[in-house]
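Input: a single structure, listed below in structure tokens.
Start at 1 with the first residue, then count along the sequence.
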Amino acid sequence: MAHVEVDLRVQHYDDLLLSQTDDAHLYLQRGELHGENRHWELAWRDFQSALKNTHDDNLRLDIWFYMGRMRLQAGMPDEAKILLSKVIALDPRYKSARLNLARTYLALEEYDLATDEMDSFMSLLNRPTPDQFIERAMMAKSIEIEGLSKAIEGLNDGIDRLGPIVTLIELLVDSYLEQDETQLALSAIERLPGSVKALPRWQLKKGDIYYLQMRFVDAQAAYQNGLNTINTMPTHRQLMPAVQALKNQLEGKLIY
């Protein structure tokens, strides 16, 4: 159904362009629709037609951006890099171009440049989202030697700015564990609100970390706390598959 809707919109622009053959905006909009349908060559031709039919510098900048993003989506990151870099050279504050250039560097396995470009993109935002901090961390983790440290630094920055978002804490804990920094992993969990870190899944995580530290009594206490929380839940919640799976894990780790 989505393709049918896009095809109908393409037909609408086909009809408009029969009488408005020099309208760059129409070519740009139709090119975007061709891109949604993964008709890359049709999209490219429309973007080129849009360029030929405008002398507006701002619109030309947008067209080069769309061309670069489309090349990235089409699996041609080398060409995307040239086009998106051109946009940024002309307008360093073009946020979407910076984000897509970061993803282009990632596709090219140039992880240092991807992370730096993601930093530049996020510096232009008033309040980056948790997903953006996570995307930046995943780029950084691919850097050899120092990548994990850069990812951790960025995640801590995200938590400092946005608060103890669960997805950021979770990735931070796992990143510390990759470095065998078990105490820092526990400290990261402690940044969660009390009602959150008391949840069974976090008690399971704490228990596993205590086991790595050979603090077996603390580990057993954490597992038991998690199990006690499940046992006090309403019956319909206890019967949920995810909760049952968690209960089985906790019971399996307890030594009676």
Side-chain angles (χ1 to χ4, degrees), residues 2-14 16-17 20-125 128-129 131-144 147 150 154:
H3 283 297
V4 171
E5 181 183 340
V6 172
D7 288 340
L8 289 173
R9 291 163 65 196
V10 168
Q11 183 61 56
H12 171 68
Y13 285 107
D14 290 346
L16 291 175
L17 283 163
Q20 302 176 58
T21 57
D22 60 350
D23 191 318
H25 289 91
L26 292 179
Y27 283 114
L28 178 57
Q29 290 160 358
R30 190 176 69 177
E32 274 289 274
L33 291 173
H34 283 315
E36 286 184 37
N37 268 341
R38 304 179 69 82
H39 296 158
W40 307 125
E41 290 310 311
L42 292 175
W44 186 257
R45 285 206 294 266
D46 272 347
F47 293 148
Q48 288 183 315
S49 296
L51 280 175
K52 291 176 184 176
N53 284 284
T54 185
H55 298 290
D56 182 324
D57 289 340
N58 290 326
L59 182 57
R60 293 176 72 83
L61 205 62
D62 288 338
I63 296 167
W64 284 320
F65 163 69
Y66 286 121
M67 293 171 84
R69 188 180 66 177
M70 189 269 290
R71 283 309 201 208
L72 175 61
Q73 293 168 341
M76 295 182 249
D78 288 305
E79 292 188 29
K81 177 181 172 180
I82 294 169
L83 288 158
L84 294 169
S85 296
K86 180 177 183 177
V87 173
I88 292 168
L90 293 169
D91 182 1
R93 297 187 63 81
Y94 200 122
K95 294 191 284 273
S96 296
R98 285 204 174 274
L99 174 59
N100 280 270
L101 183 57
R103 292 169 176 171
T104 297
Y105 283 133
L106 182 65
L108 292 167
E109 299 182 0
E110 298 180 31
Y111 304 118
D112 281 295
L113 292 175
T115 304
D116 290 344
E117 196 60 53
M118 195 68 182
D119 284 339
S120 296
F121 161 67
M122 292 171 69
S123 72
L124 297 173
L125 305 177
T129 67
D131 285 347
Q132 289 160 351
F133 279 105
I134 289 171
E135 185 172 1
R136 189 259 184 208
M138 298 311 293
M139 290 175 177
K141 287 180 79 168
S142 298
I143 301 171
E144 292 185 8
K150 290 187 74 169

TODO: Report yes if some heavy atom in the side chain of Tyr105 is under 4.5 Å from a heavy atom in the side chain of Lys81; otherwise report no.
DONE: yes
In terms of heavy-atom contacts, Leu28 and Ala50 come closest through N-CB, 4.0 Å
- Decide yes or no for Trp44 and His34: does some side-chain heavy atom of the first lie under 4.5 Å from some side-chain heavy atom of the second? no
Residues pairing under ring pair (Phe, Tyr, Trp, His ring centres under 6.0 Å) where one sits in residues 59-95, two or more places apart or in two chains, turn out to be Phe65-Tyr94
Q) Stepwise, does the side-chain contact (heavy atoms from CB on, under 4.5 Å) test hold for Leu59 with His25? A) CA-CA 8 Å; Leu59 182 57; His25 289 91; 3.8 Å; yes
Quick one: does Gln73's side chain get under 4.5 Å of Arg38's, heavy atoms only?
no
Taken to the nearest 0.5 Å, the spacing of Leu84 CG from Leu72 CG works out to 7.5 Å
Could you check if a side-chain atom of Arg71 sits within less than 4.5 angstrom of a side-chain atom of Ile82, using non-hydrogen atoms only? no
Here the pair of heavy atoms bringing Thr104 nearest to Ala80 is OG1-CB, 3.9 Å
Here the side-chain hydrogen bond (donor to acceptor under 3.5 Å, both in side chains) pairs for residues 49-59, sequence neighbours left out, are none
When rounded to the nearest 0.5 Å, the distance separating NZ of Lys150 from OG1 of Thr115 is 5.5 Å
The reported gap from CG in Leu99 to OG in Ser120 (rounded to nearest 0.5 angstrom) is 11.5 Å
Note to self: Assess whether a salt bridge exists between Arg69 and Glu32, defined as any Lys/Arg side-chain N lying under 4.0 Å from an Asp/Glu carboxylate O.
What the structure shows: yes
Notebook entry, point to check: Distance-only, no hydrogens or angles: does the Arg60 side chain make a donor-acceptor pair with backbone N or O of Leu51 under 3.5 Å?
Noted result: yes
Review point. Hey, mind stepping through Met118 and Leu106 against side-chain contact (heavy atoms from CB on, under 4.5 Å) and telling me if it holds?
Key: CA-CA 10 Å; Met118 195 68 182; Leu106 182 65; over 6 Å; no
CD1 (Ile63) and CE (Met70) are apart, to the nearest 0.5 Å, by 12.5 Å
query: Are Asn37 and Leu42 close enough, and set up right, to give a side-chain contact (heavy atoms from CB on, under 4.5 Å), and what steps lead you there?
result: CA-CA 10 Å; Asn37 268 341; Leu42 292 175; over 6 Å; no
Met122/Arg98 under side-chain contact (heavy atoms from CB on, under 4.5 Å): CA gap, chis, key distance, verdict: CA-CA 9 Å; Met122 292 171 69; Arg98 285 204 174 274; over 6 Å; no
OG (Ser85) and CG (Leu90) are apart, to the nearest 0.5 Å, by 11.0 Å
In terms of heavy-atom contacts, Ala43 and Gly35 come closest through CB-N, 3.9 Å
Shortest non-hydrogen pair, Lys95 vs Phe121, comes out as O-CD1, 3.3 Å
Note: Tyr111 and Met139 closest approach over all heavy atoms is CB-O, 3.9 Å
Nearest heavy-atom approach of Pro92 to Leu124 is O-CD1, 4.0 Å
* To do: Indicate yes or no: at least one non-hydrogen side-chain atom of Phe133 is less than 4.5 angstrom from one of Glu135.
  => no
When rounded to the nearest 0.5 Å, the distance separating CG of Leu83 from CE of Met76 is 10.5 Å
